[in-house]
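Notes to accompany the following structure.
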Amino acid sequence: MKIPGAVVIVTGGSRGLGRAFSVELLKRGARVCVADINETEGRQTEAELQRQYGADKAFFVKCDVTKEDDTKDLWRVAVERFTTVDLMVNNAGIMNETLVEETVQINLMGAMRGSMLAFEHMRRDRGGKGGVIINVASTAGLFPVFFMPTYVASKYALVGFTRSWASNPCQARFGVNWAVLCPAFADTSMLSVALDGPDPPLVTYQENKEQVIATVKTIGINSVDDVSRAFVELVEKDDNNGAVVTVEKNMGGAVYRFVKNPNCL
Ligand SMILES: NC(=O)c1ccc[n+]([C@@H]2O[C@H](COP(=O)([O-])OP(=O)(O)OC[C@H]3O[C@@H](n4cnc5c(N)ncnc54)[C@H](O)[C@@H]3O)[C@@H](O)[C@H]2O)c1
Ligand SMILES: CCCCC[C@H](O)/C=C/C=C\C/C=C\C/C=C\CCCC(=O)O
């Protein structure tokens, strides 16, 4: 899709990857609604984005993606402000293996709820203008990772959900493209919180510390810019329906796998 003039909602946009995606979209002429549960960081981000790109180009809405009412309010406010939404980026997420219910509620149900509201708004067969839904999963949504099975489950399910919608035979009639961005480790607070503490919230970390560290070293850590570049490329690609894009630092930089047929990886 063309980014200039597009209207975008980014969940989990107060910091980290979501904030970086918002900046890249604004730089290219989009208008962005940043949604996040963290109001303090959200307001700071809103002030910086408005200062840099204009007060009419970006705003923040406090939204907990696990709450249906918050998500509906987010859509109501975004449409009131910008009239329509062309791109929905379901990016909000957590990684903490001690928070099983929360992980599923945020990473999976939050993204599914955001996707369905976007789909209802965008689908052409019900009067919408079409659009794109990008769900931020992880390479942990494609391959097993022994030290974070709950996180992996939430991301596998999100990949399956997104690719299933992308493969719907009525997809052309709906006019909504579905894609998944799957970064490996990325340099944000999600990672630093896990890396910095003596006891990361991972499964059997103390027993398998060396293997965890070796895994991170082998795969490498993407910069936020690596992931943002892949994100922009995915958004700009016209035929992005069913695309699964991985970003892996030690695979020779960022690696983008665009999959045209959503039924095979
Ligand atoms: N950092 C990584 O290594 C990495 C790798 C692959 C995928 N991801 C995924 O990328 C996405 C962004 O992660 P990040 O690395 O920027 O992490 P981050 O912790 O820096 O940012 C996550 C954002 O989501 C928000 N959030 C959390 N719960 C929420 C809720 N209930 N409602 C609304 N917002 C909520 C947080 O407040 C925060 O602003 C996540 O889905 C994550 O799983 C991250
Ligand atoms: C292999 C898949 C990579 C997916 C990354 C995923 O989406 C997000 C991960 C978030 C947090 C990091 C998880 C584990 C690493 C944590 C600790 C390693 C400890 C290293 C050390 O003690 O030095």
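Order of listing sets the numbers, starting from 1, for every ligand and every atom in it. Residues take their numbers from the sequence shown, with the count starting at 1. The structure displayed is predicted, hence computed values, not measured ones.
- Ligand 1 has no nitrogen or oxygen under 3.5 angstrom from a nitrogen or oxygen of Asn107.
- In terms of protein heavy-atom proximity, atom 9 (C) of ligand 2 is closest to Met148 CE, 3.9 Å.
- Atom 5 (C) of ligand 2 has Phe185 CD2, 3.6 Å as its closest protein atom, hydrogens excluded (heavy atom only).
- For Arg19, no heavy-atom contact with ligand 1 is shorter than 4.0 Å.
- Taking each heavy atom of Ala243 and Leu234 in turn, the nearest pair found is CB-CD1, 3.8 Å.
- Tyr151 counts as a contact of ligand 2, since one of its heavy atoms falls under 4.0 Å from the ligand.
- Against a heavy-atom cut-off of under 4.0 Å, Met95 is close to the following atoms of ligand 2: 10 (C), 11 (C), 13 (C).
- Centroid-to-centroid, the aromatic rings of Tyr205 and Phe147 stay 6.0 Å apart or farther.
- For the residue pair Ser192 and Asp196, no side-chain donor N or O sits within less than 3.5 Å of a side-chain acceptor on the partner.
- Protein heavy atom at the shortest distance from atom 19 (C) of ligand 2 is Tyr205 OH, 3.5 Å.
- Ring-plane geometry between Phe119 and Phe174 is classed as perpendicular, the angle between the planes exceeding 60 degrees on a 0 to 90 degree scale with a lower cut at 30.
- Residue contact check: Leu195 has heavy atoms under 4.0 Å from atoms 17 (C), 18 (C), 19 (C), 20 (C) of ligand 2.
- The N/O atoms of Leu191, backbone and side chain alike, include none that comes under 3.5 Å of an N/O atom in ligand 1.
- Considering each of Val247, Asn38, Asp36, Thr40, the one bringing a non-hydrogen atom nearest atom 36 (C) of ligand 1 is Asp36.
- Looking from atom 26 (N) of ligand 1 to the surrounding protein, the closest heavy atom is Ile37 CG2, 3.9 Å.
- Counting the atoms of ligand 2 from 1 in the order shown, those under 4.0 Å from a heavy atom of Leu202 are 14 (C), 16 (C), 17 (C).
- The pair Lys67-Asp69 fails the salt-bridge criterion, with no side-chain N (NZ, NE, NH1 or NH2) lying under 4.0 Å from an Asp/Glu carboxylate O.
- Every atom of ligand 2 is numbered from 1 in the order shown, and the set under 4.0 Å from a heavy atom of Ile213 is 20 (C), 21 (C), 22 (O), 23 (O).
- Within the cation-pi definition used here (under 6.0 Å to the ring centroid, within 45° of the axis), Lys237 qualifies as a partner of Phe258.
- Residue Val212 approaches ligand 2 through these ligand atoms, each under 4.0 Å from one of its heavy atoms: 18 (C).
- At the shortest separation from atom 2 (C) of ligand 2 among protein heavy atoms lies Thr139 OG1, 3.4 Å.
- Environment of CD in Glu101: sparse, with no more than 12 heavy atoms of neighbouring residues, nucleotides or ligands closer than 6.0 Å.
- A cation-pi arrangement, defined by a distance under 6.0 Å to the six-membered ring centre and an angle within 45 degrees of its axis, is present between Arg81 and Phe59.
- Remark: the Arg19 side chain and the Thr45 side chain contain an N/O donor-acceptor pair separated by less than 3.5 Å.
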> Given Asp86 and Val132, is the side chain to side chain contact (heavy atoms under 4.5 Å, CB included) satisfied, shown in steps?
Replying inline: CA-CA 6 Å; Asp86 306 296; Val132 178; over 6 Å; no
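- Heavy atoms of Thr11 stay at 4.0 angstrom or farther from ligand 1.
- Ranking the protein heavy atoms by distance from atom 24 (O) of ligand 1 puts Gly12 CA, 3.5 Å first.
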> So Thr103 and Ile94, side chain to side chain contact (heavy atoms under 4.5 Å, CB included) or not? Walk me through it.
Replying inline: CA-CA 6 Å; Thr103 299; Ile94 60 167; 3.8 Å; yes
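- Residue Ala137 places a heavy atom less than 4.0 Å from ligand 1.
- Within the listing of ligand 2, atoms 14 (C) sit less than 4.0 angstrom from a heavy atom of Phe147.
- Of the possible donor and acceptor atoms, none in the side chain of Thr162 sits under 3.5 Å from a partner among the backbone N and O of Asn135.
- Remark: minimum distance from atom 17 (O) of ligand 1 to any protein heavy atom is reached at Met190 CB, 3.5 Å.
- Side-chain atoms of Asn222 come within 3.5 Å of backbone N or O of Val247 as a donor-acceptor pair.
- Remark: side-chain polar atoms of Asp125 are not paired, donor with acceptor, to backbone N or O of Arg173 under 3.5 angstrom.
- The aromatic rings of Trp75 and His121 sit tilted, their planes meeting at an angle between 30° and 60°.
- Taking only nitrogen or oxygen atoms, main chain and side chain alike, Gly18 does not reach within less than 3.5 Å of ligand 1.
- By the 4.0 Å heavy-atom criterion, Arg15 is counted among the residues contacting ligand 1.
- Atoms of ligand 2 lying under 4.0 Å from at least one heavy atom of Ser138, given by number and element, are 4 (C), 5 (C), 6 (C), 7 (O).
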>> If you apply the rule side chain to side chain donor-acceptor pair (under 3.5 Å), what do you find for Gln50 with Asp56, and how did you get there?
In response: CA-CA 7 Å; Gln50 289 188 346; Asp56 57 335; over 6 Å; no
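- In this structure, the protein non-hydrogen atom closest to atom 12 (C) of ligand 2 is Leu191 CD1, 3.4 Å.
- The shortest separation from a heavy atom of Glu102 to ligand 1 is not under 4.0 Å, leaving the residue out of contact.
- The protein heavy-atom contact nearest to atom 15 (C) of ligand 2 is Val216 CG2, 3.9 Å.
- Relative to atom 32 (N) of ligand 1, the option among Thr139, Val65, Leu74, Val34 with the closest non-hydrogen atom is Val65.
- Remark: side-chain polar atoms of Asn241 are paired, donor with acceptor, to backbone N or O of Ala166 under 3.5 angstrom.
- Ranked by closest heavy atom to atom 41 (O) of ligand 1, the top entry among Asn91, Thr71, Asn135, Val89 is Asn91.
- With a 4.0 Å heavy-atom cut-off, ligand 1 is reached by the backbone of Cys63 but not by any atom from C-beta on.
- Where the criterion is an N or O separation shorter than 3.5 Å, residue side chain and backbone included, Tyr151 meets it with respect to ligand 1.
- Every atom of ligand 2 is numbered from 1 in the order shown, and the set under 4.0 Å from a heavy atom of Ile219 is 1 (C).
- Using a 4.0 Å cut-off between charged side-chain N and carboxylate O, Arg229 and Glu233 make no salt bridge.
- Here Asp36 does not pair with Lys62 in a salt bridge; the nearest charged N to carboxylate O distance is not below 4.0 Å.
- Closest heavy-atom approach to atom 5 (C) of ligand 1 among the candidates Gly114, Ala184, Ala194, Ser189: Ala184.
- In terms of polar-atom proximity, Lys209 is not counted as a contact of ligand 2, lacking any N or O under 3.5 Å from an N or O of the ligand.
- When only interatomic distances are considered, the shortest N/O to N/O separation between Ser14 and ligand 1 does not fall below 3.5 Å.
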